[in-house]
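Note sheet for the following structure.
As a basis for the values below, the full set of heavy atoms in this structure was taken, side chains included, without hydrogen atoms, waters or symmetry mates. Throughout, a chain's letter reflects where its sequence line sits, starting with A, and its residues are numbered from 1.
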Amino acid sequence: MGLFILRRSGVMILTALCLTFIVFILTNLEPNLEKLAKTQGNFRMSDEAVNSWLNNNGYGQPTVVKYGQWLGALPGWTRTTEEGVTGRCITGTQPEAEAGQAARFCGILQGEWGYSTRFKDDVASIISVRLGNTGYLMLWVLVIMVPSALIIGVLAGMREGSVTDRSLSTVSILTTATPEYVSGVILIAIFTSSTVGLKWFKGTATSAMENPTFENFFLPVLTIALYGMGYIARMTRASMTEVMTAQYIRTARLKGVSFHNIVLKHALRNALIAPFTVIMLQFPWLLNGVVIVETLFNYKGFGWILVEAAGNNDIELLLAISVVSVVVVLVTQLISDIGYVYLNPRIRIS
Amino acid sequence: MDPLSWTGQIAFLNPVLALGLGLLGLSVLAWIGLSSLLPENRAITPSGAGLSLPTGPRELSGLVVRLAFLLTAAVIAAYLVLGLALGTGAGIIGAIAQRLLPVWIALVLLFALSIRFKQRLGLYGKLFDSPIGMIGFGLVMFWVFTGIFGAFDLIITHDPLAQLSGLKNKVPGTPLPRPEDGDFQWYLLGGDNLARDVFSRMVKGAWEVVKIAPLATLFAFMAGITLGLPAGYFGGRIDTILSFLANLILAFPVILLFYLLVTPEIVQTGLPQYMAAVLFAFPLIFFTVLINARFRTQPQQNRLWLSVVLIPLVWGYFSLINQTGSKINFLPQSLDLFNIPGGILVVFVSVVFVNSPTVFRIVRGLTMDIKTRDYVAAAQTRGERPWYIMLWEVLPNARGPLIVDFCLRIGYTTILLGTLGFFGLGLPPESPDWGSTINEGRKLLAIYLHPALPPAFALLSLVLGLNLLADGLREESMKD
């Protein structure tokens, strides 16, 4: 088990390195840097001005070197001018004596996430604030999505082909066929529209960042939860029907155990192993949903900074975002693997 | 011209529909309630006992549900038939039903022919035994025909890009203020915030989906199959490397990938074209290996088949990736068959790129399962080459799950295309695709509902249809 986790962690780190390097290459392509220079400097810069801006700010180096500096494996660049020394690890321009005291390495290995060119702020602080907002959203999504999906799946899979099964399966197919931007629009139209709608909820969740209430927070949560719910419910149903046809369930029925007891005591525990991994693997998709829903409801969280950073080619913020999302994806994969082994005695013992 | 109401002269049907829907809702609730509360009826009824009226409350409620469903379906059919006959006399519904006339004809023909010859049509014919599959197929084909006829300008009432002054954000059924001769007199589903016709844009949007989604899914399947078969069959190092790459792409958040790939700056560098050159090469490799594995021992036939299949494919491939004025430009103008607008190519490439790792994983898993079967061992004993076994023994036996997944994946691709449109990536800003239209409509959703809802329901029904179709296919292929 220890070796397994160790190997998985190794693969995880390799994947994270590859992915951030790909993001690094894509954001550091020639036209992207030019765009960055023009948004940071001014839009009418000549090509030479763009080049000198890029060189002065350390973007002119080879991509691998820049990646090493971002990672903290190579010393950060410095440039000496008449006014003093500037560099990756130095804020502003400083006289030589003070610049000498600055750290030589400053990458994510040293805990320096860099500086956002879009928000003019430290990347680490932006990420922590926005991730907090999104974390709160995700928490409520999980609170709503997981129990309802499991209940629907178990009820449907309990008696395959029954009326309950067919109606609940139809509902779950319907929700998997409705992406967030469709269900969000329909929910907003029904519940918030000022002309014909019910006016039960608010159409934006901007105020929910400081003061989340049922009125302004329920619709975004519901929108994300609905799309993921159908898939988990279908997987739970499949797992439940499989368990219900197993030999030991038949034995229990023939012994005369009541149906109620069979479902709760014999079937349920085995039927919930598969959905556990499905729920864990659902996280990357939730991340997509978060970006859409945060745009739709104007809730400024992780998805919102992704859109902002990508739209403005904010290199260091984008890299931080990809690190966070890759870590989320890989850690949930790891948990699902370990959990599957742990929950399923047949695999654990062999 | 007067504004159109929703139903016009056939308004007398509205109470009947309300009654039917109410009855259907109530009876479904009663049915679910009764069947979960009352014990199961496990009595065995002798076959051939003849028809008898249902007796228990369970059966009775089931009967009521069926009747209510039939009533509702009949009323909806009446709306369509009367609408077809009366046209604009039957309000917006009538006018839309009449505009969609070619679609109805095509649907009726398709269903009549398919049901008539369903014995001879294999899995496709069996689809018509399952009501769920039929409903799904009907929904999908409705949008496919709408898209195709829409592309020929048969259905649309106005130019989807034309802006008519005075119709900005107008409600459905608003007449044109200054109609010219030959113009359609109304905006059937109203105007959007740039005063364009919502109905025509929705119909044109169907074509955007129909032309991209199935083809992109097909390319993703070609790439996934070509790489998944050897990974599953050989295992070992090739499997480790390919799986690592697939997981790498899968670990990427889709939207971040789209944002990085589908920007004008990246298009400038020619990166999407290079990716297209790689991804679109997979069908070529696939067909070459497929034919070569089959006719390796008969060189003459081998050459014949290879040239028949490969020459058009290679030509198409070069025309596809070649584009004047971009990074890949080597083909003389006269040989370049067609040009794909840059935006569409990027969208296409990124959708294929995102989908192929999942297909790869499915094919790999299926191959690992199937290669333990006896017929594979038999082929190995016969001395068949690995590629022959993979493509002519393993692949045909994996077709069931792959066909089902193909349907589901077209739906997923449709959702991805919508996502791209929703974030305004790739497709031109005035493009009528559903995602962009939803995105434009949502900004004024609090005041005007009609621009955003038609494309939303269109996308929902198409994806739902594909899901139901996949379910029907899965059910029918399991019966074998």
Side-chain angles (χ1 to χ4, degrees), chain A residues 11 14-16 18-19 22-23 26-27 29-32 34-35 155 159 162-164 167 169-170 173-174 176-186 188-189 192-197 203 284-285 287-288 291-292 295-296 303 306-307 309-311 313 318 321-322 325-326 328-330 333, chain B residues 28 31-32 34-36 40 58 61-62 65 132 244 247-248 250-256 258-261 263-269 271 411 414-416 418-419 421-423 434-435 438-439 441-442 445-449 452-453 455-457 459-468 471:
Chain A
V11 173
L14 192 62
T15 314
C18 288
L19 278 181
I22 293 171
V23 176
L26 286 175
T27 47
L29 283 172
E30 194 77 32
N32 271 337
E34 197 183 314
K35 185 177 154 201
L155 284 181
R159 289 201 191 95
S162 70
V163 182
T164 331
S167 34
S169 296
T170 314
I173 288 184
L174 191 66
T176 41
T178 322
E180 290 92 348
Y181 51 90
V182 170
S183 57
V185 162
I186 293 174
I188 292 179
T192 73
S193 167
S194 55
T195 44
V196 290
W285 301 112
L287 215 61
N288 268 339
V291 182
I292 294 171
T295 315
L296 194 58
L306 191 156
V307 172
N313 200 40
L318 262 182
I321 289 170
S322 44
S325 44
V326 164
V328 168
V329 172
L330 296 176
Q333 271 178 14
Chain B
V28 166
W31 192 31
I32 294 173
L34 281 175
S35 53
S36 55
E40 279 173 89
R58 282 168 64 93
S61 62
V65 169
I132 293 275
F244 178 74
N247 287 337
L248 199 66
L250 284 176
F252 236 114
V254 179
I255 290 182
L256 182 62
F258 281 162
Y259 259 110
L260 291 174
L261 281 181
T263 54
E265 285 79 22
I266 298 278
V267 177
Q268 257 179 49
T269 63
L271 182 75
T414 311
I415 292 180
L416 280 184
T419 314
F422 184 78
F423 285 106
W434 292 337
I438 293 174
N439 184 33
R442 77 176 169 92
L445 202 57
I447 322 163
Y448 305 110
L449 297 179
L453 285 184
F457 279 114
L459 198 140
L460 168 59
S461 60
L462 175 60
V463 180
L464 180 67
L466 285 161
N467 273 286
L468 292 177
D471 250 39

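- Ranked by heavy-atom pairs under 4.5 Å with chain B, the list L26(A), N32(A), L287(A) is led by N32(A).
- With respect to chain A, the highest number of heavy-atom pairs below 4.5 Å among V463(B), I415(B), L464(B) belongs to I415(B).
- No other option in L174(A), I22(A), N288(A) has as many heavy-atom pairs under 4.5 Å with chain B as N288(A).
- Atom CG of D471(B) is separated from atom CG of L466(B) by 12.0 Å, given to the nearest 0.5 angstrom.
- Proximity of L318(A) to Y259(B): side-chain heavy atoms (C-beta onward) are nowhere separated by under 4.5 Å.
- Put simply, of L306(A), L155(A), L19(A), T295(A), the one with the most heavy-atom pairs under 4.5 Å next to chain B is L19(A).
- Between chain A and the residues G62(B), G418(B), A452(B), the most heavy-atom pairs under 4.5 angstrom are made by G418(B).
- Only the side chain of L271(B) comes within contact range of chain A, judged by heavy atoms closer than 4.5 Å.
- Chain B forms the most heavy-atom pairs under 4.5 Å with one residue out of I292(A), T164(A), T178(A), and that residue is I292(A).
- With sequence neighbours excluded, the residues satisfying ring-ring contact (aromatic ring centres under 6.0 Å, His included) with F422(B) are Y181(A).
- Interface remark: of the candidates L261(B), V28(B), V254(B), L250(B), V254(B) forms the most heavy-atom pairs closer than 4.5 Å to chain A.
- In terms of non-hydrogen atom pairs under 4.5 Å with chain A, the most contact-rich of L468(B), I132(B), L462(B), L453(B) is L453(B).
- At a threshold of 4.5 Å between non-hydrogen side-chain atoms, the residues C18(A) and F244(B) count as touching.
- Of all the heavy atoms in S322(A) and L256(B), the pair that sits closest is CB-CD2, 3.6 Å.
- For N247(B), the side-chain hydrogen bond (donor to acceptor under 3.5 Å, both in side chains) partners two or more places apart in sequence, or in a different chain, are R361(B).
- Distance CG/L460(B) to CH2/W434(B): 10.5 Å, rounded to 0.5 Å.
- In terms of non-hydrogen atom pairs under 4.5 Å with chain B, the most contact-rich of I188(A), T176(A), T15(A), V329(A) is T15(A).
- Contacts with chain B were tallied for L296(A), L330(A), V11(A); L296(A) has the most, counting heavy-atom pairs under 4.5 Å.
- Using a 4.5 Å cut-off between heavy atoms, N439(B) does not touch chain A at all.
- With chain A as partner, the option from N467(B), T419(B), I438(B), V65(B) having the largest number of non-hydrogen pairs under 4.5 angstrom is T419(B).
- The shortest heavy-atom contact between I321(A) and A309(A) is CD1-CB, 4.1 Å.
- Between F252(B) and L260(B) there is a side-chain heavy-atom pair separated by less than 4.5 Å.
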